[in-house]
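Quick note on labels: first sequence line is chain A, next is B, and so on, each numbered from 1.
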Protein chains: 2
Amino acid sequence: DKQFAVIGLGRFGGSICKEFAKMGYEVMAIDRDLERVNEYANIATQAVQANSTDEKALVALGIRNFDHVIVSIGEDIQSSILTTLLLKEAGVAKVWVKAQNDYHHKVLEKLGADRIIHPERDMALRVAQLITSDKIIDFIELSNEHSIIEVGVTTKLAGQTLTELDVRAKYGCNIVAIKQDNDILVSPIADVVLKPGDVLVVIGQNKDLARFQHEGV
Amino acid sequence: DKQFAVIGLGRFGGSICKEFAKMGYEVMAIDRDLERVNEYANIATQAVQANSTDEKALVALGIRNFDHVIVSIGEDIQSSILTTLLLKEAGVAKVWVKAQNDYHHKVLEKLGADRIIHPERDMALRVAQLITSDKIIDFIELSNEHSIIEVGVTTKLAGQTLTELDVRAKYGCNIVAIKQDNDILVSPIADVVLKPGDVLVVIGQNKDLARFQHEGV
Ligand SMILES: Nc1ncnc2c1ncn2[C@@H]1O[C@H](COP(=O)(O)OP(=O)(O)OP(=O)(O)O)[C@@H](O)[C@H]1O
Ligand SMILES: Nc1ncnc2c1ncn2[C@@H]1O[C@H](COP(=O)(O)OP(=O)(O)OP(=O)(O)O)[C@@H](O)[C@H]1O
């Protein structure tokens, strides 16, 4: 059974603890602020007050026994960096760190952080896409060139089946699911008749998706 | 052409401004902290120092002419709430707000916020899934019961084609794309021979995806 610890109980770290608890996983919640620690006393398996830049404190917590530690210290970039260094030096296998900006990211990379996370920046990219494309209900980046988008079925598309629409031939995109009446149809869906208010989940290259949005919807 | 404004230039609001600028959209960047405003002077179309809880300041900025305003004030929940109230009363059509917690979310809902965003919490859910499932490379929630996951092709699956694997019949999941050699194959992909290191992008109901992960990969 893997041992998890979260250092820094802000919105990100705190949500990770809550999710672990909900999934039935044990987690040690660590923060230097006693109020935060108390907030998680009944959520995490253990909630401990400690300053993670204090090597002795980390040793006392037995941090080297943890398989996976998440560092979610925000504003104090130097503390986040020092904590990451100490964790990797202690031999923790997986250290995932929330980064504040590109400089923070570069330093963490050099220190061997196993994964660097930018929650606000990644969500901002998604929100910017949603705001600027009227027809997109949701947008998920798969790679630099491919995405998955959700678009609503308008009167233009309603009454047709996917076979009739033939999105693959016309736009090079694939409709992988249809959200209809609070349900998601995954497959086979070629003969489903589209209704206004349905949502198409479409995968493809960004330029093809853009064309589909503008001409096909 | 739509007019966008962002109030609060933290990591989330600041990234929205940078993304709008990159996409070629005009945006007004607003913050009460002059240092933040100066940071965005060369990024946003306009960068203005203002306290968004000051109704006169909002009127002076012509805020009612904006089609879409994003409120990304973090720690100061009361300022975020008051700002949202003032924007909706000023008649701004779309007000999207970053929320700190569930209480903040409920109040924003009552005030008519058009979309409420939880970047850190949503990313935490995704990270918790990734950490606890060894085989999942990425995970995107489509709804309460459906997700898209990315799993690596192991020696167990290598050498076969999707037709041979027949994931749809065995697990009720759909493989919608294959990441192979830095490329993404969207379709048709039934006869592609899987190689170790390839990544399968799979859509399905969560319970079916869990079964596929445990037995099929
Ligand atoms: N050296 C440290 N040791 C332990 N905890 C720390 C240390 N430095 C900061 N913290 C804790 O990290 C938590 C998160 O920090 P902060 O609120 O600055 O981050 P944040 O990035 O704004 O958080 P989020 O965006 O996830 O809400 C705080 O509760 C703080 O007490
Ligand atoms: N009343 C206000 N008017 C204008 N700007 C404000 C107001 N209150 C706060 N701000 C600004 O909002 C910005 C973001 O606030 P803060 O850093 O607390 O949020 P945050 O949620 O931690 O940000 P993020 O997670 O996006 O980095 C700050 O730059 C702050 O100056």
Side-chain angles (χ1 to χ4, degrees), chain A residues 2 4 10-20 22-23 25 68 70 72 74 94 96 98-101 115 117-132 134 138 140 142-143 145-146 148 150 168 172-174 176-177 179 182-184 186-188 201 203-205 208, chain B residues 2 4 10-20 22-23 25 68 70 72 74 94 96 98-101 115 117-132 134 138 140 142-143 145-146 148 150 168 172-174 176-177 179 182-184 186-188 201 203-205 208:
Chain A
K2 290 219 170 138
F4 303 111
R11 285 159 298 198
F12 181 68
S15 300
I16 300 235
C17 290
K18 289 176 183 162
E19 195 60 19
F20 276 154
K22 204 162 133 206
M23 290 166 132
Y25 284 94
H68 209 130
I70 296 161
S72 41
K94 292 266 191 272
W96 288 18
K98 171 163 150 22
Q100 195 80 349
N101 54 40
R115 193 162 183 139
I117 305 161
H118 295 259
E120 302 86 354
R121 183 197 68 181
D122 290 358
M123 180 67 87
L125 297 186
R126 197 164 144 199
V127 164
Q129 268 284 348
L130 289 178
I131 289 183
T132 52
D134 284 345
D138 206 349
I140 300 151
L142 271 191
S143 74
E145 294 178 13
H146 289 79
I148 295 172
E150 293 186 14
R168 191 184 292 194
C173 305
N174 246 15
V176 300
K179 291 184 177 181
N182 276 334
D183 199 9
I184 293 191
V186 178
S187 69
V201 183
I203 191 173
Q205 284 205 22
D208 295 331
Chain B
K2 290 218 169 143
F4 302 112
R11 285 159 298 198
F12 181 68
S15 300
I16 299 236
C17 291
K18 289 177 183 159
E19 195 59 20
F20 276 154
K22 205 161 132 205
M23 290 166 131
Y25 284 94
H68 209 130
I70 295 159
S72 41
K94 292 265 191 269
W96 289 17
K98 170 161 147 30
Q100 196 81 351
N101 55 40
R115 192 163 183 137
I117 305 160
H118 294 261
E120 301 86 355
R121 183 196 69 182
D122 290 358
M123 180 66 87
L125 297 186
R126 198 164 144 198
V127 164
Q129 268 285 346
L130 289 177
I131 290 181
T132 52
D134 283 342
D138 206 350
I140 301 150
L142 271 191
S143 75
E145 294 179 13
H146 289 79
I148 295 172
E150 292 186 14
R168 191 184 292 194
C173 306
N174 247 16
V176 300
K179 291 184 177 180
N182 276 334
D183 199 11
I184 293 191
V186 179
S187 69
V201 183
I203 190 174
Q205 283 205 22
D208 295 331

- request: Identify whether the distance between the nearest side-chain nitrogen and carboxylate oxygen of A/Lys2 and B/Asp134 falls below 4.0 Å.
  value: yes
Measuring from atom [atom1] of [X] to atom [atom2] of [Y], what distance do you get when rounded to the nearest 0.5 angstrom?
X	Y	atom1	atom2	answer
B/Arg115	A/Leu130	CZ	CG	5.0 Å
A/Asp183	B/Glu145	CG	CD	7.5 Å
A/Lys179	B/Leu142	NZ	CG	6.0 Å
B/Lys98	A/Met123	NZ	CE	9.5 Å

Heavy-atom proximity to chain A below 4.5 Å, by part of [X]:
X	answer
B/Ile140	side chain
B/Lys22	neither
B/Asn182	neither

For residues 10-18 of chain A, tabulate all N or O donor-acceptor pairs below 3.5 Å that involve a side-chain atom, not counting sequence neighbours.
residue	atom	partner	partner atom	Å
A/Arg11	NH1	B/Gln100	OE1	2.3
A/Ser15	OG	A/Arg11	O	2.6

- request: Using a 4.5 Å cut-off on heavy atoms from C-beta on, say whether the side chain of B/Ile70 contacts that of A/Ile131.
  value: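 Yes, close enough: below the 4.5 Å cut-off.
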query: Can you check whether A/Gln129 reaches B/Met23 side chain to side chain, under 4.5 Å on heavy atoms?
result: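 The answer is yes; the side chains approach within 4.5 Å.
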- prompt: Top residue by heavy-atom pair count (under 4.5 Å) with chain A, among B/Asp138, B/Thr132, B/Asp122, B/Val176?
  reply: B/Thr132
query: Tell me, side chain or backbone of A/Asn101 under 4.5 Å from chain B's heavy atoms, or both, or neither?
result: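 Neither part; nothing is under 4.5 Å.
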Residue pair [X] / [Y]: nearest heavy atoms and the distance that separates them:
X	Y	answer
A/Ile203	B/Ala177	CD1-CB, 3.9 Å
A/Glu19	B/Leu125	OE1-CD2, 2.9 Å
A/Gly204	B/Val186	CA-CG2, 4.4 Å

- prompt: When heavy-atom pairs shorter than 4.5 Å are enumerated against chain B, which of A/Val127, A/Val201, A/Ile148 gives the highest number?
  reply: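 Max contact count across the listed options: A/Val127.
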